[in-house]
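Data block below; observations after.
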Amino acid sequence: MVGMNCKIIKRNLIVHVSEELDHHNAEIIRNKIDKIVVKENIKCVIFDFSHTKFMDSSGIGVIIGRYKNIKNRGGNVVVASVGPRMDRIFNMSGLYRIINRYENVKEALNDVS
């Protein structure tokens, strides 16, 4: 799948985002996540940004939209392995006001499970 790989662990969807989350792949990623969330009754989406170097406003929209959708289902969205460049984008956009950040996926899984 272009832009991401997914893994499900105990109703938690781990989304390994590629190097870029932008207008080129945002719609594909959004649609894929939404289908998995409904089909697998996902309670938490964990975005793994360990390999991501760039995100534009479309990427921010993907995260906010998934946050709204999963919140309406009683779930949560979190981010993990956010590097310095991505951390700056998250801070500037205000995303940290609505989503939690974890050092890595394992830490996120331990907290949300």
Side-chain angles (χ1 to χ4, degrees):
M1 170 57 53
V2 174
M4 69 172 202
N5 290 312
C6 295
K7 183 176 185 178
I8 299 171
I9 299 175
K10 296 182 182 177
R11 293 183 55 212
N12 298 299
L13 176 62
I14 302 160
V15 180
H16 300 281
V17 184
S18 69
E19 286 190 17
E20 297 183 358
L21 177 51
D22 58 15
H23 68 281
H24 295 291
N25 58 13
E27 185 174 347
I28 295 166
I29 292 171
R30 176 177 41 250
N31 291 337
K32 181 73 172 173
I33 292 170
D34 288 349
K35 286 178 186 174
I36 294 170
V37 164
V38 171
K39 182 180 177 188
E40 302 294 333
N41 195 25
I42 298 297
K43 70 172 189 165
C44 183
V45 177
I46 302 168
F47 285 95
D48 176 5
F49 282 95
S50 57
H51 298 292
T52 311
K53 309 245 186 300
F54 176 78
M55 180 170 68
D56 66 7
S57 60
S58 298
I60 293 169
V62 167
I63 295 168
I64 291 172
R66 291 340 88 218
Y67 169 80
K68 288 178 180 177
N69 287 350
I70 202 89
K71 209 65 166 159
N72 288 337
R73 299 172 60 84
N76 202 6
V77 170
V78 301
V79 295
S81 304
V82 179
R85 181 179 282 174
M86 296 304 299
D87 186 57
R88 185 168 172 243
I89 293 169
F90 277 84
N91 275 314
M92 289 173 47
S93 66
L95 282 171
Y96 286 141
R97 284 181 263 169
I98 61 171
I99 59 173
N100 290 330
R101 174 187 177 194
Y102 294 92
E103 289 300 314
N104 54 55
V105 171
K106 183 177 179 182
E107 184 182 295
L109 280 169
N110 286 339
D111 193 48
V112 300
S113 294

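Quick caveat: nothing in here was measured; it's all calculated off a predicted structure.
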For F49 and L21, run side-chain contact (heavy atoms from CB on, under 4.5 Å): C-alpha distance rounded to whole Å, both residues' side-chain angles, the deciding distance at 0.1 Å, then the answer.
-> CA-CA 10 Å; F49 282 95; L21 177 51; 4.3 Å; yes

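In the hydrophobic clustering of ILVMFWY residues, with side-chain heavy atoms under 4.5 Å counting as a link, Y102 and V77 come out apart. The hydrophobic clustering, which links ILVMFWY residues whose side-chain heavy atoms are closer than 4.5 Å, places V79 and Y67 together. In the hydrophobic clustering of this structure, I70 groups with I8; members are Ile, Leu, Val, Met, Phe, Trp, Tyr whose side-chain heavy atoms approach within less than 4.5 Å, directly or through other members. With hydrophobic clusters built from ILVMFWY side chains whose heavy atoms lie under 4.5 angstrom apart, V112 does not share a cluster with V15. Residues I42 and M4 fall within the same hydrophobic cluster, defined by Ile, Leu, Val, Met, Phe, Trp and Tyr side chains chained together at heavy-atom separations under 4.5 Å.
Shown here are the side-chain contact (heavy atoms from CB on, under 4.5 Å) partners of K106, two or more places apart in sequence or in another chain: N104, N110. Among residues two or more places apart in sequence or in another chain, the side chain to side chain donor-acceptor pair (under 3.5 Å) test is passed with N72 by none. Checked against side chain to side chain donor-acceptor pair (under 3.5 Å), D56 has the following partners two or more places apart in sequence or in another chain: H23. Looking at residues two or more places apart in sequence or on another chain, you find a side chain to side chain donor-acceptor pair (under 3.5 Å) between D48 and H16, S50. The ring pair (Phe, Tyr, Trp, His ring centres under 6.0 Å) check on Y96 picks up F90, with sequence neighbours excluded.
Applying the salt bridge (Lys or Arg N to Asp or Glu O under 4.0 Å) test to pairs two or more places apart or on separate chains, those with a residue in residues 84-102 are D87-R101.
Here the CG-CE distance, from D22 to M55, works out to 10.5 Å after rounding to the nearest 0.5 Å. A distance of 10.0 Å separates CG of N25 from CZ of R30, quoted to the nearest 0.5 Å. We find the CD-OG1 distance between E20 and T52 to be 9.5 Å, quoted to the nearest 0.5 Å. For the atom pair CD1 of I33 and NZ of K35, the computed distance is 12.5 Å after rounding to the nearest 0.5 Å. To the nearest 0.5 Å, atoms CE (M86) and CG (L95) are separated by 9.0 Å. Between the CD1 atom in I46 and the CD1 atom in I99 there is a gap of 12.0 Å [rounded to 0.5 Å].
Surrounding CD of E40 are more than 12 heavy atoms belonging to other residues, nucleotides or ligands, all under 6.0 Å away.
Counting heavy atoms from C-beta on, the side chains of I14 and L109 come closer than 4.5 Å. Considering only heavy atoms from C-beta on, D34 comes within 4.5 Å of R66 through its side chain.
A donor-acceptor pair under 3.5 Å is absent between the side-chain atoms of D111 and the main chain of E107, judged by distance alone.
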